[in-house]
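Okay, so here's the structure we're looking at.
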Number of protein chains: 2
Amino acid sequence: MNQTIPAQNISAHSDQHCCNCNLHSLCMAVSLDMTELSKLDDIVDRSKPLSKGQTLSAQGDKFQSVYAIKTGSVKTYTTSCSGEEQITGFYFPGDLIGLNGIDTGICPDSIKILETTTVCQVQFEQLDMLSVELPKLRRQLLKTMSKEICNEQHMLQLLAKKNADERIATFLIRLSNRFKVRGFSESRFRLSMSRHEIGNYLGLTVETVSRVLTRLQKNGLITVENKEIEILDSKALLKLSNGKED
Amino acid sequence: MNQTIPAQNISAHSDQHCCNCNLHSLCMAVSLDMTELSKLDDIVDRSKPLSKGQTLSAQGDKFQSVYAIKTGSVKTYTTSCSGEEQITGFYFPGDLIGLNGIDTGICPDSIKILETTTVCQVQFEQLDMLSVELPKLRRQLLKTMSKEICNEQHMLQLLAKKNADERIATFLIRLSNRFKVRGFSESRFRLSMSRHEIGNYLGLTVETVSRVLTRLQKNGLITVENKEIEILDSKALLKLSNGKED
DNA sequence: CGAGTCCTTGAAAGGTCTCAAGTCACGTGG
DNA sequence: CCACGTGACTTGAGACCTTTCAAGGACTCG
């Protein structure tokens with residue numbers, strides 16, 4: 001179950017296409033016209049539903065494909081030589097992941113399914129070739145990587161400067177924004193990751209995550225009911241996420 | 001002095017070219033042949049020496065160029081809305097920086113000169129166009145960004161999991177490796193950044209940085225003499241950098 | 001040579017972790 | 001369908017590491 005999924009086992013027979021995918025405004029297909037979309041469509045391999053705990057690709061694997069999340073959510077994480085796991089990101093529908101394997105040709109991190117998830121798989125070599133033909137696609141690839149770098153720089157700031165309350169507040173706000181863009185509720189959502197995973201991602205222990213969530217609830221900023229989060233006072237949460245007063 | 005340098009003030013008249021630059025095995029020119037090198041050379045603008053404290057480009061500027069460090073060193077940093085500075089990286093000869101502005105078209109961070117430095121400036125649009133023609137250049141751009149993502153993921157792990165001693169040890173090891181690749185001494189080098197900047201980058205206070213360096217010296221792992229560092233026991237330092245025993 | 005910044009060192013404070021225990025939710029099997 | 005077991009989550013108390021505050025010393029640059 002923790003084995004990487006063989007590529008040939010991933011694909012599902014389906015009549016889904018990029019042109020009728022409601023995510024094309026989020027994923028790499030942004031702003032492509034019908035002709036272009038169909039060329040992209042030709043190299044996309046859509047997965048059957050993958051279930052929680054499955055590993056989409058593992059650290060150390062040969063880099064071959066990138067993945068666009070279609071439904072569900074995944075986490076990426078690196079395992080250090082001492083065996084410690086570090087979650088490097090959570091990804092949702094429309095997100096494109098796996099591009100960080102380009103440099104070495106080896107996947108630098110593992111991708112694990114957090115809940116029932118479907119993905120679109122694209123062989124990187126094919127994508128690269130197509131990008132020569134489609135400037136908008138080429139630009140979109142660069143943009144995706146550029147955005148990933150910026151996201152990680154925000155995380156550096158979070159980890160280097162923020163205390164536990166600010167980290168959790170930032171985490172919730174960012175999730176809220178990402179759900180909003182995807183057309184989900186920005187004020188009420190379900191956490192597909194565990195408290196342990198949140199803590200790992202934010203450089204905190206499970207206990208601290210739990211305490212902070214309880215505290216934020218007591219202060220009336222949010223409601224927590226197991227994995228369901230409701231944001232009651234997004235202004236206060238945002239203010240908290242930005243750190244100490246100035 | 002803290003003003004961004006106007007583009008027209010950066011260039012120097014020189015007979016330097018990519019083809020006779022001793023960094024071509026490190027920078028974006030990797031593995032280009034003479035014809036290709038000359039095409040790249042046509043769009044490169046070489047700077048006169050820039051001095052410590054100058055800002056090469058500032059957060060919020062329109063994104064137009066990327067820079068390859070030729071000599072010297074720089075830091076990149078973001079300033080949060082509360083005015084706090086977070087250093088996101090230190091860069092040395094052969095490093096290519098600025099690609100993270102692609103996503104939004106706005107520079108997400110500032111670049112500041114740490115010591116007398118010369119850079120090669122390239123308009124991104126020109127680079128992008130040339131990359132269509134030169135697959136190796138296109139691949140190199142993607143590799144550079146991919147590597148940047150991986151580097152930042154290592155930093156996430158450092159900030160989320162490591163204690164002060166491990167952070168400093170990791171920092172010194174990484175510097176050592178980077179200097180080695182560049183043909184400088186891996187065991188003896190000068191820190192072009194201040195203790196304050198090291199601390200900012202590593203999520204520590206100046207005092208802690210100072211204390212750890214003193215401690216590492218007492219334990220015989222390194223010698224510290226102001227900004228000069230000598231690594232005496234790289235094995236022990238590496239072991240320390242990898243964290244708790246397993 | 002002097003002013004200012006950078007660096008070092010010490011002592012106390014504070015925040016998060018660790019350890020421990022108990023509660024709760026969920027999936028499995030009877 | 002319910003009982004049970006396991007893992008996830010919560011809560012508390014003490015320990016530890018880093019920060020904060022403070023002050024002295026060293027280096028650098030005009």
Side-chain angles (χ1 to χ4, degrees), chain A residues 1-2 51-53 75 84-87 112 114-116 158-171 190-219 222-229 240 243-244, chain B residues 1-2 51-54 75 84-87 112-116 158-171 190-219 222-229 240 243-244:
Chain A
M1 186 218 248
N2 270 347
S51 49
K52 180 173 174 175
K75 68 171 176 180
E84 272 184 314
E85 175 179 317
Q86 174 63 48
I87 295 176
K112 202 169 240 180
L114 290 175
E115 61 188 325
T116 305
L158 178 145
L159 292 171
K161 297 276 190 307
K162 297 187 177 182
N163 65 26
D165 289 42
E166 293 160 3
R167 291 183 198 192
I168 298 281
T170 305
F171 178 69
R190 191 179 153 282
L191 301 172
S192 58
M193 67 295 290
S194 69
R195 303 284 195 270
H196 185 84
E197 287 167 328
I198 296 173
N200 183 295
Y201 181 55
L202 298 177
L204 301 170
T205 57
V206 202
E207 294 94 327
T208 302
V209 173
S210 181
R211 277 186 257 266
V212 172
L213 287 175
T214 304
R215 194 181 310 149
L216 292 180
Q217 178 162 232
K218 271 183 186 149
N219 295 342
I222 62 174
T223 303
V224 184
E225 198 179 330
N226 304 321
K227 298 203 168 263
E228 289 291 330
I229 297 285
L240 177 58
K244 358 277 180 191
Chain B
M1 190 219 251
N2 271 347
S51 50
K52 181 173 174 175
Q54 282 190 287
K75 67 172 177 180
E84 273 183 315
E85 174 180 319
Q86 174 62 47
I87 295 177
K112 202 168 239 181
I113 310 295
L114 290 176
E115 61 188 325
T116 305
L158 178 145
L159 292 171
K161 298 277 190 304
K162 296 186 177 183
N163 65 27
D165 289 42
E166 293 159 2
R167 290 183 199 192
I168 298 283
T170 305
F171 177 70
R190 192 181 152 278
L191 300 172
S192 58
M193 68 294 290
S194 69
R195 303 284 195 272
H196 185 85
E197 287 167 328
I198 295 173
N200 182 296
Y201 180 57
L202 298 177
L204 301 169
T205 57
V206 201
E207 295 93 328
T208 301
V209 173
S210 181
R211 276 187 259 265
V212 172
L213 286 176
T214 303
R215 194 180 312 148
L216 292 180
Q217 178 161 232
K218 270 181 186 152
N219 295 340
I222 62 173
T223 303
V224 185
E225 197 179 331
N226 304 322
K227 299 205 169 261
E228 289 290 331
I229 298 284
L240 177 58
K244 356 276 180 191

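Every chain is numbered from 1, with letters handed out A, B, ... down the list of sequences.
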note = Expected list for residues 204-213 of chain A near DNA chain C, using heavy atoms below 4.0 Å, is A/L204, A/T205, A/E207, A/T208, A/R211
query = Side chains of A/E85 and A/K75: does their closest heavy-atom pair fall under 4.5 Å?
reply = yes
query = Taking any atom under 4.0 angstrom from a heavy atom of chain B, which nucleotides of DNA chain C are the first and last to qualify, 5' to 3'?
reply = C/dC7 to C/dA11
[X] [atom1] to [N] [atom2]: how many Å, rounded?
X: B/K162; N: D/dC17; atom1: NZ; atom2: P; answer: 18 Å
X: B/E225; N: D/dA26; atom1: CD; atom2: P; answer: 14 Å
X: B/H196; N: D/dC27; atom1: NE2; atom2: C1'; answer: 18 Å
X: B/R167; N: D/dC17; atom1: CZ; atom2: P; answer: 14 Å
X: B/D165; N: D/dT19; atom1: CG; atom2: P; answer: 12 Å

request  = With heavy atoms under 4.0 Å as the rule, sort B/G203 into base, sugar-phosphate or nothing.
outcome  = sugar-phosphate
Give the table of side-chain donor-acceptor pairs shorter than 3.5 Å for residues 202-211 of chain A, with sequence neighbours excluded, one pair per line with atom names and distance.
residue : atom : partner : partner atom : Å
A/T205  : OG1  : A/T208  : N            : 3.4
A/T205  : OG1  : A/T208  : OG1          : 3.0

Exercise: identify the closest heavy-atom pair between [X] and [Y]:
X: B/M193; Y: B/I198; value: CG-CG1, 3.5 Å
X: A/G53; Y: A/K112; value: O-CE, 3.5 Å
X: B/D165; Y: B/R215; value: OD1-NH1, 2.5 Å

ask   = Of B/M193 and A/A164, whose closest DNA chain C nucleotide lies nearer the 5' terminus?
value = B/M193
key: Closest-nucleotide 5' rank along DNA chain C - winner of A/N226 and A/R215   = A/R215
message = Measuring from atom CZ of A/R195 to atom CD1 of A/I168, what distance do you get when rounded to the nearest 0.5 angstrom?
response = 9.0 Å
